[in-house]
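Working notes, beginning with the structure itself.
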Amino acid sequence: MRILITGGAGFIGSHLIDRLMNADHDVICLDNFYTGHKRNIQHWLGNPNFELIRHDITEPIRLEIDQIYHLACPASPVHYQYNPVKTVKTNVIVTLNMLGLAKRTKARNQLASPPNGGLSRKR
(Lines give C-alpha, C1' and ligand atoms only; values in the text may rest on other atoms or scores of the structure.)
Protein backbone atom coordinates (compact mmCIF):
# COMPACT_ATOMS: atom_id res chain seq x y z
CA MET A 1 0.00 0.00 0.00
CA ARG A 2 1.26 3.51 -0.86
CA ILE A 3 0.67 5.83 2.09
CA LEU A 4 1.11 9.60 2.38
CA ILE A 5 1.92 11.14 5.76
CA THR A 6 1.61 14.93 5.90
CA GLY A 7 3.72 16.34 8.71
CA GLY A 8 5.68 13.09 8.67
CA ALA A 9 8.85 14.60 10.14
CA GLY A 10 7.01 15.60 13.31
CA PHE A 11 6.83 13.57 16.51
CA ILE A 12 3.62 11.65 15.80
CA GLY A 13 4.19 11.43 12.03
CA SER A 14 7.70 10.00 12.38
CA HIS A 15 6.48 7.30 14.77
CA LEU A 16 3.65 6.42 12.39
CA ILE A 17 6.19 6.21 9.56
CA ASP A 18 8.28 3.80 11.65
CA ARG A 19 5.25 1.56 12.16
CA LEU A 20 4.17 1.65 8.51
CA MET A 21 7.68 1.07 7.19
CA ASN A 22 8.12 -1.88 9.53
CA ALA A 23 4.87 -3.26 8.11
CA ASP A 24 6.41 -3.11 4.59
CA HIS A 25 4.30 -0.27 3.19
CA ASP A 26 5.51 2.31 0.69
CA VAL A 27 5.51 5.61 2.57
CA ILE A 28 5.70 9.18 1.33
CA CYS A 29 6.61 11.76 3.98
CA LEU A 30 5.46 15.25 3.07
CA ASP A 31 6.81 18.01 5.32
CA ASN A 32 8.03 21.60 5.08
CA PHE A 33 10.06 21.28 8.31
CA TYR A 34 8.30 24.25 9.93
CA THR A 35 8.04 22.25 13.16
CA GLY A 36 9.21 18.77 12.10
CA HIS A 37 12.83 17.64 11.98
CA LYS A 38 14.68 15.62 9.36
CA ARG A 39 16.48 13.73 12.13
CA ASN A 40 13.13 12.08 13.04
CA ILE A 41 13.02 10.26 9.71
CA GLN A 42 16.68 10.20 8.73
CA HIS A 43 17.02 6.46 9.36
CA TRP A 44 14.58 5.79 6.47
CA LEU A 45 16.39 7.93 3.89
CA GLY A 46 17.80 5.68 1.19
CA ASN A 47 15.18 2.97 1.79
CA PRO A 48 13.48 2.22 -1.56
CA ASN A 49 10.07 2.07 0.15
CA PHE A 50 10.43 5.58 1.61
CA GLU A 51 10.18 8.93 -0.12
CA LEU A 52 10.69 12.34 1.49
CA ILE A 53 9.17 15.37 -0.21
CA ARG A 54 9.90 18.81 1.19
CA HIS A 55 6.81 20.77 0.23
CA ASP A 56 4.59 23.51 1.61
CA ILE A 57 1.32 21.63 1.59
CA THR A 58 -0.76 24.77 1.51
CA GLU A 59 0.07 24.37 -2.20
CA PRO A 60 -1.64 21.43 -3.97
CA ILE A 61 0.41 18.36 -4.88
CA ARG A 62 -0.38 15.52 -7.28
CA LEU A 63 0.55 12.07 -6.03
CA GLU A 64 -0.78 8.56 -6.53
CA ILE A 65 -1.56 7.09 -3.11
CA ASP A 66 -3.90 4.63 -1.37
CA GLN A 67 -4.11 6.25 2.07
CA ILE A 68 -3.50 9.66 3.62
CA TYR A 69 -2.67 10.42 7.22
CA HIS A 70 -2.99 14.19 7.52
CA LEU A 71 -0.93 15.13 10.59
CA ALA A 72 0.45 18.46 9.41
CA CYS A 73 -0.20 21.29 11.83
CA PRO A 74 1.98 23.44 14.05
CA ALA A 75 0.12 22.10 17.08
CA SER A 76 2.31 23.56 19.81
CA PRO A 77 0.99 26.82 21.34
CA VAL A 78 4.46 28.32 20.84
CA HIS A 79 4.26 27.67 17.09
CA TYR A 80 0.66 28.57 16.42
CA GLN A 81 0.80 31.73 18.50
CA TYR A 82 3.94 32.76 16.62
CA ASN A 83 2.21 32.38 13.24
CA PRO A 84 -1.55 31.88 13.64
CA VAL A 85 -2.24 32.61 9.96
CA LYS A 86 0.01 29.72 8.87
CA THR A 87 -1.75 27.46 11.38
CA VAL A 88 -5.21 28.36 10.08
CA LYS A 89 -4.02 27.88 6.48
CA THR A 90 -2.64 24.47 7.41
CA ASN A 91 -5.86 23.49 9.14
CA VAL A 92 -8.16 24.68 6.37
CA ILE A 93 -6.37 24.83 3.01
CA VAL A 94 -4.28 21.70 3.52
CA THR A 95 -7.27 19.74 4.75
CA LEU A 96 -9.15 20.75 1.60
CA ASN A 97 -6.11 19.81 -0.54
CA MET A 98 -5.88 16.39 1.13
CA LEU A 99 -9.62 15.78 0.75
CA GLY A 100 -9.31 16.66 -2.95
CA LEU A 101 -6.33 14.32 -3.33
CA ALA A 102 -8.24 11.55 -1.55
CA LYS A 103 -11.24 12.05 -3.80
CA ARG A 104 -9.13 12.03 -6.98
CA THR A 105 -7.19 8.90 -6.02
CA LYS A 106 -10.03 7.21 -4.09
CA ALA A 107 -7.66 7.06 -1.10
CA ARG A 108 -8.76 6.72 2.50
CA ASN A 109 -8.05 9.92 4.43
CA GLN A 110 -7.38 10.17 8.17
CA LEU A 111 -7.36 13.73 9.53
CA ALA A 112 -5.51 14.00 12.82
CA SER A 113 -4.47 17.65 12.91
CA PRO A 114 -5.88 19.74 15.74
CA PRO A 115 -9.01 21.31 14.26
CA ASN A 116 -8.70 24.64 16.06
CA GLY A 117 -5.00 24.88 16.88
CA GLY A 118 -4.62 28.38 15.51
CA LEU A 119 -7.82 29.57 17.09
CA SER A 120 -6.68 29.10 20.68
CA ARG A 121 -6.06 32.28 22.53
CA LYS A 122 -3.07 33.34 24.57
CA ARG A 123 -3.60 33.16 28.32
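Keep in mind that this is a model prediction, so the values were computed, not measured. The figures that follow rest on heavy atoms only: side chains count, while hydrogens, waters and symmetry mates do not.
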Any side-chain heavy atom of [X] sitting closer than 4.5 Å to one from [Y]?
X: Asn109; Y: Tyr69; result: no
X: Lys38; Y: Leu45; result: yes
X: Asn49; Y: His25; result: no
X: Thr105; Y: Glu64; result: yes
X: Ile5; Y: Asp31; result: no
X: Ile57; Y: Asn32; result: no
X: Glu51; Y: Val27; result: no
X: Ile53; Y: Leu63; result: yes

- Message: side chain to side chain contact (heavy atoms under 4.5 Å, CB included) for Gln110 and Gln67? Distances and angles first, verdict last.
- Response: CA-CA 8 Å; Gln110 175 65 50; Gln67 287 184 357; over 6 Å; no

Would you confirm whether [X], through its side chain, and [Y], through its main-chain N or O, come within 3.5 Å as a donor-acceptor pair?
X: Asn40; Y: Ala9; answer: yes
X: His55; Y: Glu59; answer: yes
X: Asp66; Y: Ile3; answer: no
X: Thr6; Y: Leu71; answer: yes

- Item | Ring-ring centroid check Phe11 His15, cutoff 6.0 Å | yes

- Task: Using a cut-off of 6.0 Å, state whether more than 12 heavy atoms not belonging to Arg104 lie near its atom CZ.
- Result: yes

- Task: Check the pair Met21, Asn47 against side chain to side chain contact (heavy atoms under 4.5 Å, CB included), reporting the backbone distance first and the verdict last.
- Result: CA-CA 9 Å; Met21 289 295 293; Asn47 185 306; 3.6 Å; yes

Least distance between heavy atoms, [X] atom then [Y] atom:
X: Asn97; Y: Thr58; value: ND2-O, 3.4 Å
X: Ile41; Y: Ser14; value: CG2-CB, 4.0 Å
X: Cys29; Y: Ile17; value: CB-CD1, 3.7 Å

Hydrophobic clusters here meaning ILVMFWY residues chained together by side-chain heavy-atom distances under 4.5 Å, can you tell me if [X] and [Y] are in one?
X: Leu30; Y: Leu99; result: no
X: Met98; Y: Leu111; result: no
X: Leu20; Y: Ile28; result: no

- How many angstroms lie between atom CG of Leu52 and atom CH2 of Trp44, to the nearest 0.5 angstrom? 14.0 Å

- Looking at CG of Asp26 and CZ of Arg2, how far apart are the two atoms once the value is rounded to the nearest 0.5 Å? 6.5 Å

- Query: Do His70 and Thr95 pass the side chain to side chain contact (heavy atoms under 4.5 Å, CB included) test, and can you show the C-alpha distance, the side-chain angles, and the key distance before you say yes or no?
  - Reply: CA-CA 8 Å; His70 174 30; Thr95 299; 3.2 Å; yes

